[in-house]
Each structure stands twice: as structure tokens, then as C-alpha cells.
Amino acid sequence: MSFAPASVRSAAVGNQLRASYDPVTIALHWLTVALVVVLFGTAWIWNNTPRDWHWHPPLEFAHVSFGILFAAVIVVRLVWRALKGRSLPSAERGLVALAAQTVHSVLYMLLALQVVLGFSLRLFQGEAFSFFGLFSIPDPLTQSRATAHLLEQMHNFFGWAIIYAALAHAAAALFHHFVLRDRVLGRMVPAIEG
């Protein structure tokens, strides 16, 4: 409980809203966004075109390579957040703050789960991992079509879940910027004037 006068507390909240995340947190956030778009796009094209289309092997190669990069970014992001990243207080209070925290937690959980599902799927497909042709990680497991099929369905389901959660997150940020006219979006895009 704070015993500071309401005007002091209000000024402190206003200063916290004007604060931005640190440059590394911002870069990791937008890199994650770009990788989610690329990974979802390659998977969507791959799943909605004929299997004998000549672009399928390059799409699979790109999806796996960007997936490995995505896994590395998620690990770095979690470590950075735990050790160094600037943590800003919620701009809301009560149930709205709880909803915002829940969406952030769900997004982190979905991103981490998607990495695990992607790696597991590749392992049970019985195929090696290649990272942009620079190196290859051999598959230590025996192929299991049934397990791979189940993992592929889960990977696709959670890919869509990430898209819906990210769209809700983006819609909330735009609502803050255009309707509430506060600095919440400016925390992640410092160049935006509040």
C-alpha cells in the first residue's frame, strides 16, 4: 500500500507509461514478430499448395531454418527478460491488467510450445535439421509416421493459436494508441508520439 499523495502516484504512473523498453527487448520483440510471420507464411503456403509443386522443398528448407533461428531467439528473449530486460509495470489496473498479463503469458507459452513441437515433429519425421545449408543436425530418432502426424496436427493448431493471440495483442496495442491515446504502444515503438 502506498501512502504517497494521489498526485505523486499519478505522476509516477505517467512517467512509467512514457518509459520505453530497452533496445534489446524491442529488437527481440520485433524479430519474433517477423519470424512468426515468415514461419506462418511458409507453413500456410506449404499446406495449401499441391505436394508436387517445385517450391515445396525450398519452403520446407526455409521453414526449418527459420524455425531453428526462432528457437534461438525465443531462448535469448526469455534469458534477456529474466536477467537484463527492462520490466515495465502494467498500464492498466484490476481485471484489464490481469487480462494483459494473461495474454503475454499465453503468448510466451505458445511460442515455447511451438518450438518444442517443431523440433519434435522434425525428429519423428526421421529427417535431419539443416540451418540455411550452413550446418546439419542429424536425426537421432527412428521415424514414426503416427507420432509425426499427431505432432504435425498439434504444430498446425498451435501455429493458428499464436496468430490469434498475436492479433489480439496487436489489436489491444492499437486500441491503446488510437482510442485511449496513451503511450502503451510507444513502449515498444519509442518513435511514436503519445
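Worth knowing before you read on, the calculation uses all heavy atoms, side chains too, and leaves out hydrogens, waters and symmetry mates.
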- Task: List in chain and number order the residues that pass ring-ring contact (aromatic ring centres under 6.0 Å, His included) with F40, two or more places apart in sequence or in another chain; answer none if no residue qualifies.
- Result: W160
- Applied to residues 55-68, the salt bridge (charged side-chain N to carboxylate O under 4.0 Å, His left out) test, sequence neighbours excluded, yields E60-R122
- Note on the structure: Taken in chain and number order and not counting sequence neighbours, the residues that satisfy side chain to side chain contact (heavy atoms under 4.5 Å, CB included) with R145 are Q143
- Item | Trace of the side chain to side chain contact (heavy atoms under 4.5 Å, CB included) decision for V64 with F131 | CA-CA 7 Å; V64 171; F131 184 69; over 6 Å; no
- Item | Test ring-ring contact (aromatic ring centres under 6.0 Å, His included) applied to F132 - qualifying residues, sequence neighbours left out | F66
- Item | Greater than 12 external heavy atoms within 6.0 Å of W44's CH2 | no
- On a heavy-atom basis, the closest approach of D22 and T25 is OD1-OG1, 2.7 Å
N/O donor-acceptor pairs under 3.5 Å from side chains in residues 103-113, not counting sequence neighbours:
residue	atom	partner	partner atom	Å
H104	ND1	A100	O	3.0
S105	OG	Q101	O	3.0
Y108	OH	R77	NE	3.3
Y108	OH	R81	NH1	3.3

- Task: Could you list the residues that satisfy ring-ring contact (aromatic ring centres under 6.0 Å, His included) with F70, not counting sequence neighbours?
- Result: none
- Item | Within 6.0 angstrom of H149 NE2, more than 12 heavy atoms from elsewhere | no
- Check R183 against P190 and note the closest heavy-atom contact, atom names and distance. NH1-O, 4.2 Å
- Query: What is the ring orientation for W55 with W53, classed by angle as parallel under 30°, tilted 30 to 60°, or perpendicular over 60°?
  - Reply: tilted
When the side chains of residues 163-172 are checked against the rest of the protein, which donor-acceptor pairs come out under 3.5 Å, sequence neighbours left out?
none

- Partners passing side-chain hydrogen bond (donor to acceptor under 3.5 Å, both in side chains) against S130 (at least two apart in sequence or in another chain): none
- Item | Over 12 foreign heavy atoms within 6.0 Å of CG, L134 | yes
- Message: Going by the rule side-chain hydrogen bond (donor to acceptor under 3.5 Å, both in side chains), which residues pair with E152 if we only count those two or more places apart in sequence or in a different chain?
- Response: none
- Message: I'd like to check the side-chain hydrogen bond (donor to acceptor under 3.5 Å, both in side chains) partners of H29; sequence neighbours left out, ordered by chain and number.
- Response: none
- Task: Could you work out the complete set of other residues in the hydrophobic cluster of V116, with links drawn between I, L, V, M, F, W and Y side chains under 4.5 Å apart?
- Result: none
- Go through the structure and list residues passing ring-ring contact (aromatic ring centres under 6.0 Å, His included) with F175, not counting sequence neighbours. none
- Query: Which heavy-atom pair separates H155 from L117 by the least distance, and what is that distance?
  - Reply: ND1-CB, 3.8 Å
